[in-house]
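Heads up, the thing below is written out as structure tokens.
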Amino acid sequence: MEIFHEHSWDLTIAEAKVVQEKLKNKVILEDQLPTINYVAGVDVSYDKQKGITQAAIAVLNFPQLELQTHALARCKTAFPYVPGYLSFREIPAILEALNAVTIQPDLILCDGQGTAHPRRLGIACHLGVLINKPTIGVAKSWLTGDYEQVPLTQGSWQPLTSEGETIGAVLRTRTGIKPVFVSPGHQISLPTAIRYTLACTSKYRLPETTRWADKLAALQ
DNA sequence: GCGACAG
DNA sequence: ATCTTGTCGC
């Protein structure tokens, strides 16, 4: 896995903020997708006792959404969880898992925000810019931004806005179920990110990619 | 100063 | 994220 914008992971919060301000200028919010044959979900779990971070990547074929392969990677937890800086805690392990997986995905769905972030560089953007690949942020809960009530029917969505700009969408993936927060990560537009999120979702609230990664990350 | 805060 | 039983509803 080639890294495009290498930087240290041994940083203070203030230094991490500088990295975010610099990398946000590298984010591409236009569609630059290849033919999508494989989609992946990434997720991270923690062993609080041992101070270990474990990342899982699940690669599914598209549009069938059947699990093709997966990889796990563990590394020492080196960064605390601070809202707005999640990527500095999770990406090191994710890069190792991506390095180990045998089928490189054409699109990655991340567990967390993309541009719906205080400095527009959520984990999906950060990962996408580093590996120069299309990514989408699909978060289970709110981090920042304002939005109106979302209609109850599946596929309905409302823009997530901040300071006059649209930074993502609150999307109802299942009728009557709590919506998810979708935002572009890298090399993708918001409408396309919404379309692929729905295309990767079948019977449950979360995309199949995320559900598989969640399940695999829980393995020890 | 007060409230909010992805995983 | 993680700690945790039963329970309401399709």
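To find a chain, count down the sequence lines: A is the first, B the second, and so on, and within it residues start at 1. In this text the structure is predicted, and so the values were computed from the model without any measurement.
Aromatic pair A:F62/A:Y196: centroids less than 6.0 angstrom apart.
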Between A:H186 and A:N132, does a side chain to side chain contact (heavy atoms under 4.5 Å, CB included) hold up when you go through it step by step?
CA-CA 8 Å; A:H186 189 48; A:N132 193 42; 4.2 Å; yes
Can you list the steps and then say if A:D43 with A:K215 is a salt bridge (Lys or Arg N to Asp or Glu O under 4.0 Å)?
CA-CA 9 Å; A:D43 188 44; A:K215 192 172 302 182; over 6 Å; no
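The interatomic distance linking A:R89 (CZ) with B:dC5 (P) rounds to 19 Å, in whole Å. Rounding to whole angstrom units, CG of residue A:L143 and C1' of B:dG3 are separated by 15 Å. Rounded to whole Å, the distance from CH2 on A:W142 to P on B:dG7 is 12 Å. If you take NE2 of A:H117 and P of B:dG7, they are 13 Å apart, rounded to a whole angstrom. At whole-Å resolution of the value, CD1 in A:I91 and P in B:dG7 are 15 Å apart. The interatomic distance linking A:I167 (CD1) with B:dC5 (C1') rounds to 14 Å, in whole Å. If you measure from atom CD1 of A:I123 to atom C1' of B:dG7, you get 8 Å, rounded to the nearest angstrom. For the pair A:I94 CD1 and B:dG7 C1', the computed distance is 10 Å after rounding to whole Å.
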Going 5' to 3' through nucleotides 4-10 of chain C, assign each nucleotide B (protein heavy atom under 4.0 Å from a base atom), S (under 4.0 Å only from sugar-phosphate atoms) or - (no protein heavy atom that close).
-------
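Stacking annotation: A:Y81 is stacked on the base of B:dG7 (ring centroids less than 5.5 angstrom apart, interplanar angle below 30 degrees).
Contact annotation for A:Y85: base contact, defined as any heavy-atom pair under 4.0 Å involving a base atom. A:G84 comes within 4.0 angstrom of a base, heavy atoms only.
Taking the six-membered ring for Trp and thresholds of 30 and 60 degrees, A:Y147 and A:F181 have ring planes more than 60 degrees apart, a perpendicular arrangement. Using a 30° and 60° split on the angle between ring planes, A:H7 and A:F88 fall in the tilted class, from 30° to 60°.
The shortest distance between the side-chain N/O atoms of A:K140 and the OP1/OP2 oxygens of C:dA1 is below 4.0 Å. Between A:S45 and the phosphate of B:dG7, there is no side-chain N or O to OP1/OP2 separation shorter than 4.0 Å.
Checking A:S162 against A:R120 by side-chain atom types alone, a donor-acceptor pair falls below 3.5 Å.
Residue A:E90 has its side chain nearest to B:dG7 when only B:dA4, B:dG7, B:dA6 are considered.
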Starting at the 5' end of DNA chain C, what dot-bracket string do you get if Watson-Crick and G-U pairs under 3.5 Å are bracketed, crossing pairs use [ ], other-strand pairs use | and unpaired bases use dots?
..........
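Atom OG1 of residue A:T210 and atom OH of residue A:Y204 lie 14.5 Å apart, to the nearest 0.5 angstrom. Within the model, atoms CZ of A:R119 and CD of A:E21 stand 6.5 Å from one another, a figure rounded to the nearest 0.5 Å.
A donor-acceptor pair is defined here as one N or O able to donate and one able to accept, closer than 3.5 Å; no such pair exists between the side chain of A:D47 and the backbone of A:G51.
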